[in-house]
Amino acid sequence: MKHWLWCLPGLLALGGGVFITLTPVALFPICEAEHLGWAGDFRPTMRCFWLGQAAILLGGCVAVAGLTLLLRPRRDTAFAVGCILLALGAAVILASLNGVIGSLCGHAHSPCQIGTKPALRLGGGLTAVLGLGLVFWSARKPKSS
Amino acid sequence: MNQWSIALRQIRRNFLRSVLMAVGVSLFAAVMVGVTLLVVGVNQSINRTVDRLGADLMVIPRGAQLATQFNEALITGKPTSFYLPRARLNEIESQRGVTRVAAQTYAQTLTNARCCSGHFFLVGFERARDFTIQPWLEEAMTTWPPEDEDWVIVGDRILLHAGEEVMFYGTTFTVAAVLSPTGTGMDWTVYIPRPSLRRMVDRSVERAITPLHIDPDQISAIFMRAGQGVDLIDLAERIEQAVPDCQVILSSSVGTRARGQLKVVMIISLAVVGALWLVAGLLSGVVFAQAVRERRGEIGLFLAKGAEVCFIVGMLVKESLIISLAASVAGAGMAVLLIVSFRQLLGVGLGVSQVLPGFPAMLALVLGLCLFACISAVLCSLAPVLALVRTDPFAAIKGGRE
C-alpha cells in the first residue's frame, strides 16, 4: 500500500472525531450544551452533561489519532492508530450506555435520548470499524516489490 | 481465467473509476431505500393507529386546530389539552346506535420543574367505562389497585416499570402496569384513573410550580363504539346536531388526516429519489462507456481470436454487476443503519410513533430495492457494451491503439 493511502483513514478518523465532539455541542445538543467545556464553575443538574463532556474528550482523542496518521502515514503508525481507534470507538459506545456511567435521563422523548445517543453510538461504531480495518490492513504482510 | 476473475481484475486495475461508479449507485440506493422505508413505515404506523383505536367515533370540542392536535396525540402521544362539559357524555350515550362510551381527560406535565418528571401526555380515564386501554395491559390485571391510592398505567416507551414511582404536579404515583407495545401514541402516554387525576389537580395548587386547572365537570374526549350495521356517518351527523359545540371524528379519518399532513414531504422525497435514479443511471453509463472505450483494443483482440459476443458481454456485465451489487448493498446498509439509529428522532419529526415497517417487510423491501438498483446500473452500462461488440474486430483493435 502506498504511504499516502494511509492518509485516507487518517482523514476519516479526523472527521469522525470532529463529528463525535460536535454531536453533544451542536449537532444534537444536550440540555446543558451551552455549558459544555473544561473551564468555568458550572454545576450540572442533569446527567447528560457528563456524557457531553466525555464525548468531547473522546472525540478529541479520535481526531488527534486521525491527525497523527495524516502526519505520519506509515504502516506501523496505522497499526497503532487502529488499535487506539478501536478502543476509543468502544469507549464512545460504552459512554452512551446508561448501564455503564448512567449518562442519560429516563425521559424517552428528550433530545439526548433520540438524537445524541444514537449519533454517538453510530460515530463510536464507525470509529471502531475504521480501527479494526486499519489493524487488519496494517497487519497484513506487504507484497515484495 | 473465467469471466468473474477478468471482471475482478479490471475493477482492481481501474480502482478509482470503479469507486466513482460505486459512489453514484450507493448514493442512489441509500436515498431510495431510506425514503421507501420511511414512506412504507409511516403508512403502516398510521394504519396501525387507526386499527387499534378501539373506538368507531370520537367526540372533541369544535375547532380545526383541536382536531389536528387530537390527531397528533393519538398517533404520536404528543401532549395536548382541551375540554368539554361532562354532560355531553350522557347526551351522546343516549343516541340511538351508540353501544359504549368512554371519557378521557387530557393534561400535560410541566417541563424542567422539580414537581414533575419530564414532558408527558397525561390521560385521565374511567376504569369502569374504559375499553381503549385495558386490551393493551401487558399482564392481565386480576386485581386493580384501590381507587383511593395514586397509581398510573404507562405506555411501553415511557421507560418506567411496574412498582416504580413517578411524580406529576407534586403528586407521587405508583406504576401499576405497563401497556403492551401498540405502535401508536399510547406507547408515549401516561394513563391516570379519574379519581387520582382529581386528587392531583386539587393538590397541584399547593405542591406544583404551576397549578393544573381542570374543573370536576370537564372531560376532553369521548370515545364511542357503535352497534353492528350502524351507519357511522349518519350517527356522526346526528351527534353533531344534538351537541353543536362538539365535532365527531371517525376513526378512519384519523389516518386520512395524518397522511394529508405528510403528503407534501413524501412527494418531494419521491421526486428526489427519481432525480437521483436518473443521475446515478447517467453516471454509471458514462463511467462504464469510458471504461469500455479504453478497452476497445483488448475486446477487438478477443473478437478476432474468435471469442463469442456473449462472452464479451458477459465479462463486461459481470464487472458492472460486481460494482453495482457491492455499492447498492453498502448504500442500503448505510440507509438502514441511519434510519434504525434515528428512528425515534424521525418519528418525532414526521409526527408518527414508528417510522420503520415490520422486519419481514423491511427485509423484502431492502432486498427488492437493492436488486432494482443493481439492474438499473447494469442496464445503463449495457448500452456502450452492445455498441462496441457490434463493431468490426479490426476497427476495434485499431481504435484501441489511437
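Quick note on labels: first sequence line is chain A, next is B, and so on, each numbered from 1. On a predicted model such as this, the values are computed, not experimentally measured, just so you know.
- Residues from residues 330-339 of chain B that place a non-hydrogen atom less than 4.5 Å from a non-hydrogen atom of chain A comprise B:Met334, B:Leu337, B:Leu338, given in numerical order.
- The heavy-atom pair separating B:Tyr169 from B:Gln108 by the smallest distance is OH-O, 2.6 Å.
- Between A:Ala78 and A:Trp6, the closest heavy-atom pair is CB-CE3, 3.5 Å.
- Across B:Leu283 and B:Leu20, no two heavy atoms sit closer than the pair CD2-O, 3.9 Å.
- Counting all heavy atoms, side chain and backbone alike, B:Leu345 lies closest to A:Ile114 at CB-O, 3.4 Å.
- When B:Phe70, B:Tyr106, B:Trp188 are each tested for a ring-ring contact (aromatic ring centres under 6.0 Å, His included) with B:Phe121, only one passes: B:Tyr106.
- A heavy-atom distance below 4.5 Å is found between the side chains of B:Leu66 and B:Gln69.
- For A:Leu126, the part lying under 4.5 angstrom from a heavy atom of chain B is the side chain only.
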